[in-house]
There are 2 protein chains.
Amino acid sequence: MSRRSYHHGNLKEALIRAALDLIAQHGPAGFTFAEAARTAGVSPAAPYRHFRDRDELMADVARRGFARFEAVLELAWSQGRPDPFTAFERIGRAYLAFARDESAYYSAMFETGVPLDVNPDLAAAGDRTLAVLKQAAEAICARLPPERRPPPLMMALHVWSLSHGVASLFGRGDAARRKLPMAAEDLLEAGVLVYLQGLGLGARTP
Amino acid sequence: MSRRSYHHGNLKEALIRAALDLIAQHGPAGFTFAEAARTAGVSPAAPYRHFRDRDELMADVARRGFARFEAVLELAWSQGRPDPFTAFERIGRAYLAFARDESAYYSAMFETGVPLDVNPDLAAAGDRTLAVLKQAAEAICARLPPERRPPPLMMALHVWSLSHGVASLFGRGDAARRKLPMAAEDLLEAGVLVYLQGLGLGARTP
DNA sequence: CAATTGATGTAAGACCGTCTTACATCCGCC
DNA sequence: GGCGGATGTAAGACGGTCTTACATCAATTG
């Protein structure tokens, strides 16, 4: 597709990439529709052919972010191989790695206040991501005798909350974040280990 | 102070209150310097006499938020009376109550990306808040034999992360947040209980 | 093989918010 | 009673959002 032609050819994708770049550079707030258009080399009005407004572009970025996040977590889990505990630890590290390396996606997903109730697709993408965590939690819970088995959804929500908390408060090099005496990864891993211990899953002994 | 006089009389305070109202109504992003000025009944340029820019007003709101938050958590802890575990549970509930009831402050503190490294006062206010959590963690850890005693700072960071995660993801009525099959307070309490159990603090038996 | 038509981009402009500069008013203090 | 600093206003440059009217292109279709 010639760069000289009147039509861009793939403006929608270009705008999404521009949004990611701009969010990565200037934070989730420092991104404007107009600048995304400039980055893509089109007029300020062109993006409106593809997105109703700035928020819709942001929501689309968030939706794609959830899809990637789901794939990343699914890969980390790898059906619980070689054993659920090793795989569960991989999920925690993958979570923080995504928050750090795909910071623009993570911002769009969790730090922009995109309303879920008017974005069914976005909500569904988030649900699928949660489902990966829940699946992992189920495999872990299955190691416990039924009478001491917690609800897997609750366990998934705990792990998600702890991971999101660590990522938000300490997870990125960002100047807005607090400095830590330890790596965020180690903080999260220690927290999850204590949590699993608390469920009665002491040091990987079924 | 007459509302008719040329000078407002207490514009700085009025702007902060206006900022809180506007954040509460339209979210942390939907607040403008100009609208705060309108709310206070002054010209759009007047706020610049009191704050260098919009971010400085936001940072001031965040700083005050941390001071209030610290007071709330300190009150909830109440020097660990009647016993550290009861007091610790109160902290968790107070955390979520603050995030819900003082939503505007909480947003300014954690969701606006105010850089900490250029706001020493803000960073210090945040540190004092963390100190309350650390103090509580120390009292809890003291119940454990020294050889099984975790670093209190780590424990404080875990509890903070979990609380912040629950508050961010599920804590507010906000349309941006996900619906839950349980109250956020119960989710957090259950998580903290499992965590304490994992530290070897089973069901409040020293 | 045009001609039409819908999709895509541009031009222009209304409106709003940020922030600056120059000026007006007021209060406290000597 | 008037000086000076503090506080507010007026006006305007600049940029972002979004709309409306128009231009261009590409693909279908007769």
Side-chain angles (χ1 to χ4, degrees), chain A residues 1-62 104 107-108 112-115 118, chain B residues 1-62 104 107-108 112-115 118:
Chain A
M1 182 60 59
S2 156
R3 215 81 308 283
R4 289 259 151 263
S5 76
Y6 185 93
H7 283 49
H8 181 285
N10 204 4
L11 184 53
K12 188 163 186 173
E13 295 299 319
L15 288 172
I16 287 172
R17 264 182 313 237
L20 285 170
D21 287 351
L22 293 173
I23 293 171
Q25 285 172 30
H26 311 119
F31 139 72
T32 68
F33 226 29
E35 197 169 358
R38 271 198 302 278
T39 302
V42 295
S43 79
Y48 291 89
R49 294 289 176 194
H50 300 277
F51 302 98
R52 189 166 28 75
D53 56 18
R54 183 184 173 283
D55 286 350
E56 193 173 287
L57 170 52
M58 194 66 99
D60 206 59
V61 172
S107 291
T112 55
V114 197
V118 300
Chain B
M1 180 59 57
S2 154
R3 216 79 309 282
R4 287 260 151 263
S5 76
Y6 186 93
H7 283 46
H8 181 285
N10 204 4
L11 183 54
K12 188 163 186 173
E13 295 300 320
L15 287 172
I16 288 172
R17 264 183 312 235
L20 286 170
D21 287 352
L22 293 173
I23 293 170
Q25 285 172 30
H26 312 118
F31 138 72
T32 68
F33 228 29
E35 195 169 358
R38 270 198 303 277
T39 303
V42 295
S43 80
Y48 291 88
R49 294 290 176 196
H50 300 276
F51 301 98
R52 187 165 30 76
D53 56 19
R54 182 187 174 283
D55 286 350
E56 192 173 287
L57 170 53
M58 195 66 100
D60 205 62
V61 171
S107 290
T112 56
V114 196
V118 300

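Fair warning: this is a prediction, and the values are worked out from it, not measured in the lab. Convention: sequence-line order gives letters A, B, ...; per-chain numbering from 1.
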Where Ala108(B) and Val114(B) come nearest, the two heavy atoms and their spacing
O-CG2, 3.9 Å
Side-chain contact, heavy-atom cut-off 4.5 Å: Arg54(B) with Leu57(B)?
no
Does anything in residues 11-27 of chain A reach DNA chain C, meaning a heavy atom under 4.0 Å, and if so which residues?
Leu11(A)
To the nearest 0.5 Å, what is the distance between CE (Met58(B)) and OG (Ser107(B))?
8.5 Å
Base, sugar-phosphate, or nothing for Ala34(B), non-hydrogen atoms under 4.0 angstrom?
sugar-phosphate
Under-4.0 Å side-chain N/O to phosphate OP1/OP2 contact, Arg38(A) with dG15(D):
no
Would you say the side chain of Arg17(B) lies within less than 4.5 Å of the side chain of Thr39(B), judging by non-hydrogen atoms?
no
Residue pairs fulfilling salt bridge (charged side-chain N to carboxylate O under 4.0 Å, His left out) with at least one residue in residues 26-44 of chain B, sequence neighbours excluded
none
Quickly work out the His8(A) NE2 to dT10(C) P distance and round it to whole Å.
10 Å
Once you round to the nearest 0.5 Å, how far does CG of Asp60(A) lie from CG of Asp55(A)?
12.5 Å
Nearest 0.5 Å, please: how far is CG in Leu20(B) from CZ in Phe31(B)?
9.0 Å
Chi angles and distances behind the side chain to side chain contact (heavy atoms under 4.5 Å, CB included) call for Phe51(A), Lys12(A):
CA-CA 8 Å; Phe51(A) 302 98; Lys12(A) 188 163 186 173; 3.7 Å; yes
What does the B/S/- profile of nucleotides 18-24 of chain D look like, 5' to 3', with a 4.0 Å heavy-atom cutoff to protein?
BB-BBBB
Tell me what Ser43(B) touches on the nucleic acid: a base, only sugar-phosphate, or nothing, going by heavy atoms under 4.0 Å.
base
Whole angstroms only, please: what is the CG-P distance between Leu57(A) and dT17(D)?
10 Å
